[in-house]
Structure formats: structure tokens, C-alpha cells
There are 4 protein chains.
Amino acid sequence: MSPTTARKRLSREESQAQTRERLIETAQQLFVANGYGGASIRDIANKAGYSQGAFYSNFSSKEDVLLELLRRHMAAEAAQLSRLMSNDGRDSERMLAELDVWASTLNQDADWCMLSIELQLHANRSKTFAAEYQKVWDQHRFELGRVIGQLFNKLGRVPPEEPGELAAAFMALSHGLALQRMSTRPDSSGRLIMAFLRGLIANAERENAE
Amino acid sequence: MSPTTARKRLSREESQAQTRERLIETAQQLFVANGYGGASIRDIANKAGYSQGAFYSNFSSKEDVLLELLRRHMAAEAAQLSRLMSNDGRDSERMLAELDVWASTLNQDADWCMLSIELQLHANRSKTFAAEYQKVWDQHRFELGRVIGQLFNKLGRVPPEEPGELAAAFMALSHGLALQRMSTRPDSSGRLIMAFLRGLIANAERENAE
Amino acid sequence: MSPTTARKRLSREESQAQTRERLIETAQQLFVANGYGGASIRDIANKAGYSQGAFYSNFSSKEDVLLELLRRHMAAEAAQLSRLMSNDGRDSERMLAELDVWASTLNQDADWCMLSIELQLHANRSKTFAAEYQKVWDQHRFELGRVIGQLFNKLGRVPPEEPGELAAAFMALSHGLALQRMSTRPDSSGRLIMAFLRGLIANAERENAE
Amino acid sequence: MSPTTARKRLSREESQAQTRERLIETAQQLFVANGYGGASIRDIANKAGYSQGAFYSNFSSKEDVLLELLRRHMAAEAAQLSRLMSNDGRDSERMLAELDVWASTLNQDADWCMLSIELQLHANRSKTFAAEYQKVWDQHRFELGRVIGQLFNKLGRVPPEEPGELAAAFMALSHGLALQRMSTRPDSSGRLIMAFLRGLIANAERENAE
DNA sequence: TATGAATGAGTCTTCATTCAT
DNA sequence: TATGAATGAAGACTCATTCAT
């Protein structure tokens, strides 16, 4: 509305970025709703308000958007985890509390989890994609594992399985619950994940430390 | 009816049954490998050694095979559970031991779990299929929940969540792990599931019985 | 129910004839409703209560039923015309009255006319069928032309066109009206045909017959 | 806009229009030759020199081309009739002369009439198409009826049937004759239609106009 | 950068017909 | 005669991708 900005609402670069952004968001929506194979580029472009050509001006192929989504997914998860990991020195009570927050975040966006599943499924089917995917996955698994390991450590308990293994299991639990949630069921993923976590801790042997 | 013709007639019925069986098996393989949407009827028929028409002589549509697979899945899972549930009077140790067997069975066939995921995904996308799917799912959830409830009961503990909820979570865990296993990782689903279960039990409050 | 007849309700030959008859009738219905190309043998056989094989036990091909229908059509039309032609000696009033009856018969069964159109359309597309069709058509045209010629003759008038040409025109009129009637409009074919006929007669030059 | 680019840009638009035009013309040919159901999109596209995809870039479905043909048919017939109707003040001799020209025009293109029949047949079978078809048909019937009514009026005679009914009959006659003409017979539709019209007039009662 | 017409392979499904029973 | 599973070709339509503008 202000005289200066109104005239040239978006610079060329901004407009291009907007195009790309809208295409990415629309692609995510449709991949989640219909699956990677079930979402067509025509639909993505049209729903975002552009032509198919616009899509190919921004991405080299269908898989290319999925890679972009993967990168964003990775970044977002890394951000989540960095909060959890910044507690290196904190006490265990505080860690559990923050894990609680993290778990309840999982529920917020079922789409987010469904995208994770689509990425995983596509990695099972495309060699090129699998390579990229593996990197992200391994890192996430490693870092979440570290958090879990620290937690057990702080509590003076021995994890019943290798921490990375436990991390993978929590992610599996979260994905599997997202899959169910899509259908009908009310959402209790975060609460369940914490229940499982507390159970594991309770059952873990005390370290013969000292 | 006569001894001579009976052999021939049977071989014809057998041949038809064989056709159907091979199509079903091939469909399952391809659904698991490429997803429901990614598996084409042409591929299914050809890989099974038949024409596309043969497929439509046996199934009314692509979704129809998936329904058949759903029915078989249901039957198999029901069989699994009925073994677990036949322990009504048994002691808790025995129940845990049998759950151990059941959990390790889950790993044996990753395909089986992936099919489960494909079924769930397709139910999220097809109204017609969702109706049928829901029935199977609810029943399975209910029965597994009952087993879990009994187990806590025998041990004199209060489940930290409604047993049906816990059942769903164990299934989610198992499906999520199957998704991961497809890619690369070695298989430890059963062991993890039991670790989680024992943890839950350990952490459960004792019943104020008596 | 009576002990003797109930047991063997239809002799083998009767039963076979019935099968054939039902297939023919169903084929006619579906050809009229969906067109020759739009009616499938599967549908015909199923709607008649038989298998596809039964169809091929009675007819050598899809066109073969159409030929059978053509033959019946021919026979029925011949019967109609033979009534009109039996009036050789009658006076013109009597002939017009009978033509009136004939014309009103046309309305009775729009299906009948639509079948005529289907036959004509198929004759335009199949060489083999065209040959058979031409015979029937020419004969019908000739005989109806003869009736018309006689009528003008009795009335001492000269037909404005060759009688066979007029016959063809009346058949065209009747078919064209049937085509319209299928959609929505009420039926007035017979009345219109007679209006046209009376007009032609009124406009015809008187014969200079001395 | 600049003289140099304008030529190129136009030639692109022209090229697109040409594609569409060729597809439409080829569709018309094949609909007439094989019927709507008998003409495949593959054949239409190939015969026009394009891929099937090109067809779907220009039309949303098979029925969509038929609708385009219907619109053109309507436009052409409206043009024909507007010539006939511009004679409001003219004398009856002049009107008959123009009707003569109109009638002989009908013969010129048998394809045009066959298309009319295909349109009518398809309207009998497709709800969606029927709605569009009805509009065109009703308007044409109404306008031709008006011309016929005027003609009788000028001649001081009472039409033997409601003018719209007579209009429908003339169209039926013309369509029915086109059907026959496809097979073998020489063309005399226009002459016959005029013979029928003159007959109707001759037979019509004089108005008791004082 | 963005357009969208055009491509060619691929989708699910239906067809007329054959053949072992 | 009658069955219906199986065939192979063809049906309408969709897709990811290319390319001239």
C-alpha cells in the first residue's frame, strides 16, 4: 500500500523465488495426499497457478522437487534436534521435558510425517534418490541416537538396545502412527512415543557405574 | 464324476486356481516392490505369465486384487492372533514367551509388512477400499489389544494407555520398521518391539488389587 | 407341475430354440439401445441369461445375429406390405384407409424403426452385410413403390416422382422421425406420413387419360 | 507487435489453429464414415497427422470434438436459415424459389447430413451431450417452422400440422434420405423434399380469410 | 523465466473371439 | 449345446518431458 513498495511489489528475483516456493509447497501437499506416483506435474503446476513449463524452469524433473523437499525436511529436523542436543549439560528431568515438547510437535503436522513416508518409499524405489536419502537419514538417526544415549546416561541406565537402533525405532513408531492417523483415528502419537520412552527407561538396568 | 473324467476335470479347476494364485502372488510382489500405483496390470499379468485379459477374468479391477490380498492378510493375522489368545488361562511368563515368538515372526517376511503399508496407504486414498480395510483393521486392533490387556492383567499392572491404543502403536512400530528395513538396514523389529513391550510393563503402576 | 410334463418341460430342441430366441431378442434390444458397435456380446449373452459361449454356439459372429435380425425384419415388413398389396382390385378410398392403418403401425414400435436404422448404418460400414441388406431393401422399396403407384393410378393421377423414389422417401421420413422420437418428442410419425401422402396426391397432375 | 516478430507469432497461432482445424475435420470424416463409437481417437489423431496427445491438447474428450462439430453445424444451419428468413416481405413465389435453393443445398454434402444423424444418435445415448444438442435442435426446428408458417400464410393456406411439426418432418425426411444415400442410391433429396412441400401446400385448406 | 502445444509411452479396461471341458 | 477362462488387439485417456516462442 505504501507508495514505494506498492508499485513494484516483487522484484524479478522475488517473483522467481515465489514461483519456486509455491511449486514446492503445492508439490508437498499433493505428494502427501496422492503419493509421489499419484501426483502429476500437471496437477502440481496448475494447483500452484502456473504452467507445466514453469515447473521445468524451476526443477529438472519430478524427482528433483522431491529432492528439494528432502533437503528442507532434513533442515527442519536438524533444527528440531539441535534444540534437544543443546542440553548437553542439563539434568535428565529437563531433557525429558524437552523430549515431551519434541514429541508433541510430531503430532502437529501429520503431513510432515506422511512426507517422510513418501520420501522413504521413494528411496526404496529409486537408486538415485536413495543415495541422497541415506545421508539425511543416517545423520538424523545418529543425532537422535545421541540424544537418547545421553538421556539414559544421565539417568544412570543402560539402553536395552544400541541408541541408534532405539532412535530408528522411535522414528518408525512416529511414521507408522502417522500412517494410521491419515485414515481416521484421533491423534496421540506424541503421548504414545513418550509412554514407550519412559517404559524403556524404567526397564533399563542400572549402570554398575562406580 | 466317473473316475476317468474326474482327474481331467480336477486338473482344469486346478489350472484355473493356479492362474488366480499366480496372479495374486505376482500382484503382491509388485505392489510391495513398486507400490499399488506403481504396479501396472500389464506387468502383473506378464510377470505371472498371462495376458491382461486373464487378469480381468479373475478380478474385476486392480483394486479387486488388493481386496483379495487384504482378505488373505486378515486371515493370516487372525491365525497369528488366535494362537496368542488361546492362552487365556496361562501364566504371564508363558504369554511373554509366545509374544516373543509372534514378534520374531513379524520380521520373517518384510514383504508382508510392506503389503500392510500399501493397504493402509490405499485405504487413505480410496473410499471404496477404506470401508473394507477399516473392518479388518479394527478387528485386528481389538484382538491384539485384548492380548495386551490380559498380559498386563496377569502381571497385576495397569496399562499406561488404553490397550487398543497400545496395540495400534505396536502395529505402527512394526510397519514403520518394515519401511526402514526395505532400504538397507538389518532386521531387528521383533527384538525392538519386545524391548518396548517389556519397558511398558516395567513402567506400569501396580494394580491396587485387594 | 403335472407329473408328465413337468419333468421334461422343454424338449432338447425346444430348449435350444428358446436359447436362440432369447439371444436374438436381447441382441435387438441392445442394438437399438446402444447401437451395433455399442452392444457387446458379453452384455447380450449375460442379459439373455447365458454365457458368451452359448452365443457362439448359436451364431458364428456378432454380425451373424444382425443378419438374423435383418431376415426377421424383412419377413415382418413383407407381411405388412402383403396386406397392402392384396387390394389390387379395391377402390382408392379403401387403399388409403389401409395405408392409414399401416402408417399408424409404424409408430407402435420405435424400436423397430431404430433397428432399421442400425441395419442401414451397418450396411454402410460392412461390405459383407451390405450385400444382404441391399436385397431386402430393394425388394421392400419395389413393393411399397408398387402400392403407391397403384394408389395414384386408381386416383387417376400422375406421381410427381417415380413411385420407387416416393417409397424410399416415405421410408426415409419414417426412419428420420424414429430417430427424433428416441430423444424426447411425442409421436406423430404416422399422421405426418399420411399428411405428406395426401399432399402429394392432391398436388399430382391428373392423368390425360382420355 | 514489431513487424518482424508479428509474423512469427502469428504463424505459431496459425499453426495451433491449423492443428485444431485438421483434427476437427478428420474427426468429422471418421464419425461420418464409422460412426461416433466406431471412430477411435487414435485413428482421428493419426489420420490428421498428429499424436493422440495432440488431440487431448485441443479437446478434453472424445465427446468434446463432437460438441465442437455440433456448434459448427448449428452455425452453418443458422446461416442457411437466416437467408430464408430474410424474406419476410417477399411474395410467396420468391420464397418457394429460395426454398428450392435451400433444399438443393441439402444434397451437396451428404457428410453433413450423416453428421447430423451421428449427433442425433449420440444425443440419444449421452445425457451430457443431449442437453447441448436439444438447444440447437429446438432452435433450428423453431426457425424452420417459422419459415414454413410464413409460406403457408403468404399463400393464404392453413398448414395441415403445426409448422414446427412440419419442420421436424422435413428434417427427418432429409436425414432419412441421407442415410439411404450413403449406401448406393443417387441423390434426389432436395427434389423430393420440394415435391413433398408443394404437395402439402396444394392440399392445405384455404384460409377463411374474408 | 514462463508458456502450453505436442510427443510417445504408458494407464486401466473392454472387446470379439477361441478352445478345452 | 453350453461354459467361461484366456487371448491379443484395441478402446479412451494420462503422464513426464520437450521445445518453439
Side-chain angles (χ1 to χ4, degrees), chain A residues 12-13 15-16 19-20 23 37-46 50-64, chain B residues 5 8-13 15-20 23 37-45 49-63, chain C residues 12-13 15-17 19-20 23 37-46 50-64, chain D residues 5 8-13 15-20 37-45 49-63:
Chain A
R12 188 154 315 184
E13 278 177 11
S15 153
Q16 288 172 14
T19 301
R20 189 180 168 82
L23 284 169
S40 78
I41 285 174
R42 213 204 273 15
D43 287 350
I44 293 170
N46 288 351
Y50 297 91
S51 67
Q52 296 178 71
F55 181 95
Y56 281 95
S57 291
N58 284 277
F59 306 98
S60 65
S61 71
K62 198 183 176 185
E63 201 169 66
D64 193 26
Chain B
T5 60
K8 279 183 190 172
R9 181 164 311 174
L10 188 59
S11 103
R12 201 233 215 174
E13 278 167 14
S15 144
Q16 292 172 195
Q18 193 190 50
T19 300
R20 190 180 167 84
L23 285 169
S40 79
I41 283 170
R42 207 195 315 282
D43 287 351
I44 294 172
Y50 297 91
S51 66
Q52 293 182 65
F55 179 96
Y56 283 96
S57 287
N58 282 279
F59 308 97
S60 64
S61 70
K62 196 183 174 185
E63 200 168 69
Chain C
R12 186 153 319 182
E13 278 178 13
S15 153
Q16 287 173 16
T19 301
R20 188 179 169 85
L23 284 169
S40 78
I41 285 174
R42 203 185 315 339
D43 287 349
I44 294 171
N46 288 350
Y50 297 91
S51 67
Q52 297 178 71
F55 181 95
Y56 282 94
S57 291
N58 282 278
F59 306 98
S60 64
S61 72
K62 198 183 176 185
E63 200 169 67
D64 193 27
Chain D
T5 60
K8 280 184 187 165
R9 181 165 311 173
L10 189 63
S11 106
R12 202 233 215 173
E13 277 168 14
S15 144
Q16 291 173 195
Q18 194 189 50
T19 301
R20 191 180 166 84
S40 79
I41 283 171
R42 209 189 319 277
D43 287 350
I44 293 171
Y50 297 92
S51 67
Q52 292 182 69
F55 180 96
Y56 282 96
S57 287
N58 282 279
F59 307 98
S60 64
S61 71
K62 196 183 176 185
E63 201 169 67

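Basis for what follows: all heavy atoms, side chains included, without hydrogens, waters or symmetry-related copies.
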query = Just how far, in rounded Å, is C1' of dT18(F) from OH of Y56(A)?
reply = 9 Å

ask   = So, for A45(B) and S51(B), which heavy atoms are closest and what is the spacing to 0.1 Å?
value = CB-O, 3.4 Å

request  = May I have the distance from D64(C) (atom CG) to dT17(E) (atom P), rounded to whole angstrom?
outcome  = 10 Å

key: Whole angstrom value for the distance that separates C1' of dT14(F) from CZ of F59(D)   = 18 Å

message = Just N and O in the side chain of Y50(B): are any of them under 4.0 Å from OP1 or OP2 of dA6(F)?
response = no

remark   = Of R20(C) and D43(D), the one whose closest nucleotide on DNA chain F sits nearer the 5' end is R20(C)

ask   = If you look at every heavy atom in D64(A) and S60(A), which pair is closest and at what distance?
value = OD2-N, 3.0 Å

inquiry  = Given the structure, check if the side chain of Q52(B) and the base of dC12(E) hold any donor-acceptor pair shorter than 3.5 Å.
reply    = no

request  = Compare every heavy atom of N58(B) with every heavy atom of T19(B), then report the nearest pair and how far apart it is.
outcome  = CG2-ND2, 3.8 Å

ask   = With no angle test and no hydrogens, is the base of dA2(F) tied to the side chain of S57(C) by a donor-acceptor pair under 3.5 Å?
value = yes

request  = State whether N58(D) places a side-chain N or O below 4.0 Å from either non-bridging phosphate oxygen (OP1 or OP2) of dA6(E).
outcome  = yes

N/O (side chain, S61(D)) to phosphate O (OP1/OP2, dA12(F)) under 4.0 Å = no

inquiry  = With nearest nucleotide decided by heavy atoms, which residue, G38(B) or G53(A), maps closer to the 5′ end of DNA chain E?
reply    = G53(A)

Presence of S15(D) side-chain N/O under 4.0 Å of dA5(E) phosphate oxygens OP1/OP2 = no

query = CD1 of I41(B) versus P of dA10(F): gap in Å, rounded?
reply = 20 Å

key: Pair partner, dT18(E) [Watson-Crick or wobble, under 3.5 Å]   = dA5(F)

ask   = With distance as the sole criterion, do the side chain of R42(B) and the base of dG10(E) form a donor-acceptor contact below 3.5 Å?
value = no

ask   = To the nearest Å, how far apart are L23(A) CG and dT1(E) C1'?
value = 12 Å

query = CD of Q52(C) to CD1 of I44(C): how many Å apart, nearest 0.5 Å?
reply = 10.5 Å

remark   = Between R20(C) and F59(C) the two heavy atoms that sit nearest each other are NH1-CE2, 3.5 Å

message = Base, sugar-phosphate or nothing for A45(B)? Non-hydrogen atoms, less than 4.0 Å.
response = nothing

query = How do F55(C) and F55(B) order along DNA chain F: which one's closest nucleotide is nearer the 5' end?
reply = F55(C)

